[in-house]
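Chain letters run A, B, ... following the sequence lines, proteins first and then strands; every chain starts at 1.
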Protein chains: 2
Amino acid sequence: MERLRKHIEEITPLSDEEFEHIKTFFTLRKVRKHQYLIQEGDAVGYEYVVLGGIFKLFYLDGEGKEYIVQFARVNWWMCDYNAYFFKGKATLNAVCMEEGEVLCLTLQGREKLSADYHKMEHFFRVKLTNGYAALQRRITSLLSSTPQERYREFSELYPNLIQEIPKKYIAEYLGVSRETLSRLYSNGK
Amino acid sequence: MERLRKHIEEITPLSDEEFEHIKTFFTLRKVRKHQYLIQEGDAVGYEYVVLGGIFKLFYLDGEGKEYIVQFARVNWWMCDYNAYFFKGKATLNAVCMEEGEVLCLTLQGREKLSADYHKMEHFFRVKLTNGYAALQRRITSLLSSTPQERYREFSELYPNLIQEIPKKYIAEYLGVSRETLSRLYSNGK
DNA sequence: AAAAAAGTGTGATTTAAATCACACTTCCCC
DNA sequence: GGGGAAGTGTGATTTAAATCACACTTTTTT
């Protein structure tokens with residue numbers, strides 16, 4: 001929980017009492033490899049802040065092919081936000097790729113925290129601001145860049161992830177086949 | 001300005017005095033066809049709320065090809081948020097496609113409004129929430145859907161836009177060539 | 001009202017990437 | 001520690017979409 005406090009305080013300072021109350025909205029969950037946090041078709045009760053481990057958020061098409069919308073590591077937030085905010089069924093899946101822990105927050109929790117603490121509303125707004133800007137960049141990249149450029153951008157943005165996760169999944173994130181990705185760096189990148 | 005009030009009050013009610021003060025942060029600007037609101041390479045001083053007209057936000061690559069990140073019509077917000085929030089140079093362009101009006105808001109304005117009025121911070125958070133969810137869906141679609149599926153999704157989401165803007169630009173939004181898009185609906189969709 | 005610019009449909013050709021196929025390696029998990 | 005699953009590289013083939021080319025239409029501009 002101390003990690004959560006640090007995370008929030010990167011954006012806004014909290015008093016001890018405030019944090020004592022705020023933290024009651026979060027529940028800790030340990031997650032093992034291959035475990036699902038969100039499953040397509042189910043309601044989405046929580047959003048997740050990663051405390052440790054690696055997760056992927058992905059869409060599964062009719063033929064069983066995966067398309068990775070997001071990876072998530074420590075301090076990343078992860079959810080199928082369409083289902084979560086609008087109380088629909090998940091179209092995305094979230095799975096643990098490397099054992100770790102997450103904190104879970106319900107939508108009511110999020111809204112209550114935002115309503116009760118201007119600070120927390122501010123915190124969420126700043127996080128969303130950053131996230132929105134990042135997604136805008138990702139869209140630009142998906143539209144305009146070649147696979148090799150996307151690979152380069154990715155390795156600059158997440159140099160550590162490149163080492164730690166199978167290239168197969170990086171291909172699924174970049175929107176190319178694993179074979180094409182493999183040829184990108186065996187040939188002259 | 002009444003339209004702005006209505007727009008904000010879709011999310012949170014405002015007293016007359018509140019709105020009187022809030023509106024001072026916005027400046028009105030009439031925009032003619034082909035006019036730029038944001039130009040690649042420049043600093044991004046404002047974000048824009050559209051009161052009327054149609055706008056496109058796009059990336060221009062080295063060969064002069066356009067890739068449309070977003071269209072914007074009444075009540076849509078539009079900006080190169082990476083440049084705006086992080087005070088960098090624009091990599092995107094925003095241009096008027098059909099004469100109209102926008103309200104302009106500086107980053108300090110936005111932050112001041114958010115700090116002074118919990119309500120406004122709430123308003124911005126809700127707008128970002130919706131926007132984030134929409135971009136998450138767009139990414140899923142760009143990764144996993146075929147051009148024909150993306151075209152169908154687009155025409156369901158924005159049936160009116162389909163009529164009103166040249167198909168050429170819809171192609172640039174969907175990430176296909178205009179020829180391919182043209183063949184999609186001449187053949188059996 | 002005429003000229004220019006922008007947008008559109010459709011065929012022919014090229015091309016980048018997907019798919020298929022298979023051998024090899026590494027990672028887990030019983 | 002051995003067996004199966006998961007991941008990887010590389011060639012051959014197929015395929016969807018980009019590109020090129022051009023005629024035609026519509027919209028803007030002056």
Side-chain angles (χ1 to χ4, degrees), chain A residues 31-35 53-54 56 58-68 71 95-100 141-152 154-155 161-189, chain B residues 31-35 53-56 58-68 71 93 95-100 141-152 154-155 161-189:
Chain A
V31 198
R32 306 261 296 287
K33 197 164 176 171
H34 301 135
Q35 251 184 274
I54 305 182
K56 63 177 172 179
F58 63 98
Y59 175 74
L60 203 67
D61 76 8
E63 277 97 49
K65 271 174 61 174
E66 286 184 18
Y67 302 87
I68 296 183
F71 293 111
V95 164
C96 177
M97 300 177 72
E98 198 174 279
E99 182 165 357
S141 170
L142 283 171
L143 285 174
S144 71
S145 300
T146 62
Q148 41 270 44
E149 289 166 336
R150 295 208 290 275
Y151 178 71
R152 230 210 40 251
F154 183 87
S155 46
L161 267 185
I162 289 265
Q163 340 280 189
E164 293 177 46
I165 62 186
K167 309 245 191 284
K168 195 191 159 188
Y169 297 110
I170 295 175
E172 289 173 13
Y173 179 92
L174 297 178
V176 276
S177 70
R178 54 159 208 88
E179 294 95 330
T180 297
L181 180 63
S182 166
R183 285 184 251 262
L184 286 185
Y185 43 73
S186 23
N187 314 345
K189 221 152 231 189
Chain B
V31 197
R32 305 261 298 288
K33 197 164 176 173
H34 301 135
Q35 251 185 272
I54 305 182
F55 298 81
K56 63 179 172 178
F58 63 97
Y59 175 73
L60 203 67
D61 77 6
E63 277 97 49
K65 272 175 58 176
E66 285 185 19
Y67 303 87
I68 296 182
F71 292 110
N93 302 272
V95 164
C96 177
M97 299 177 74
E98 199 174 277
E99 182 165 356
S141 171
L142 283 171
L143 285 174
S144 71
S145 301
T146 62
Q148 41 269 44
E149 289 165 336
R150 294 208 292 274
Y151 178 70
R152 231 212 36 255
F154 184 87
S155 44
L161 266 186
I162 289 265
Q163 340 279 193
E164 294 179 45
I165 63 185
K167 309 244 192 283
K168 195 191 159 187
Y169 297 110
I170 295 175
E172 289 173 14
Y173 179 93
L174 298 177
V176 274
S177 69
R178 56 161 206 87
E179 292 96 329
T180 296
L181 179 63
S182 165
R183 286 185 251 261
L184 286 184
Y185 43 74
S186 25
N187 313 345
K189 223 154 234 184

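Taking atom CG on A:Leu184 and atom P on D:dG9, their separation rounds to 11 Å, with Å as the unit. The NZ atom of A:Lys167 sits 19 Å away from the P atom of D:dA6 (whole-angstrom rounding). Per the geometry, OH belonging to A:Tyr185 stands 4 Å off P belonging to D:dG9, to the nearest Å. In this structure, B:Ile165 places its CD1 atom 17 Å from P of C:dA6, rounding to the nearest Å. For A:Leu143 and D:dA17, the CG to P distance is 15 Å, given to the nearest whole Å.
For D:dG9, the base has no donor-acceptor partner in the side chain of A:Arg183 [N/O atoms by modelled type, under 3.5 angstrom]. With hydrogens and angles ignored, a donor-acceptor pair closer than 3.5 Å exists between the side chain of A:Arg178 and the base of D:dG9.
Taking the six-membered ring for Trp and thresholds of 30 and 60 degrees, A:Tyr59 and A:Tyr67 have ring planes inclined between 30 and 60 degrees apart.
Applying the 4.0 Å criterion to OP1 and OP2 of C:dG9, one finds that B:Ser182 has a side-chain N or O inside that range. Close to D:dG7, at under 4.0 Å from its OP1 or OP2, lies a side-chain N or O of A:Lys168.
Of the possible polar contacts, none joining the A:Arg178 side chain to the A:Ala171 backbone as a donor-acceptor pair under 3.5 Å is found.
Annotation: cation-pi geometry satisfied between A:Lys167 and A:Tyr185 (NZ/CZ under 6.0 angstrom from ring centroid, within 45° of ring axis).
With the nearest nucleotide of DNA chain D identified for both B:Thr180 and B:His34, B:Thr180 has the one nearer the 5' end. Heavy-atom distances to DNA chain D give each of B:Gly175 and A:Glu179 a nearest nucleotide, and the one nearer the 5′ end belongs to A:Glu179.
Across C:dG7, D:dT10, C:dG9, the shortest atom-to-atom separation from the side chain of B:Tyr169 is found for C:dG7. Of all nucleotides listed (D:dG9, D:dT19, C:dA18), C:dA18 comes nearest to the side chain of A:Ser177. Distances were taken from every side-chain heavy atom of B:Lys33 (C-beta onward) to each of D:dT19, D:dG9, D:dT28; the shortest belongs to D:dT28.
Checking each of A:Glu66, A:Glu172, A:Glu98 against A:Lys56 for a side chain to side chain donor-acceptor pair (under 3.5 Å) leaves exactly one that passes, namely A:Glu66.
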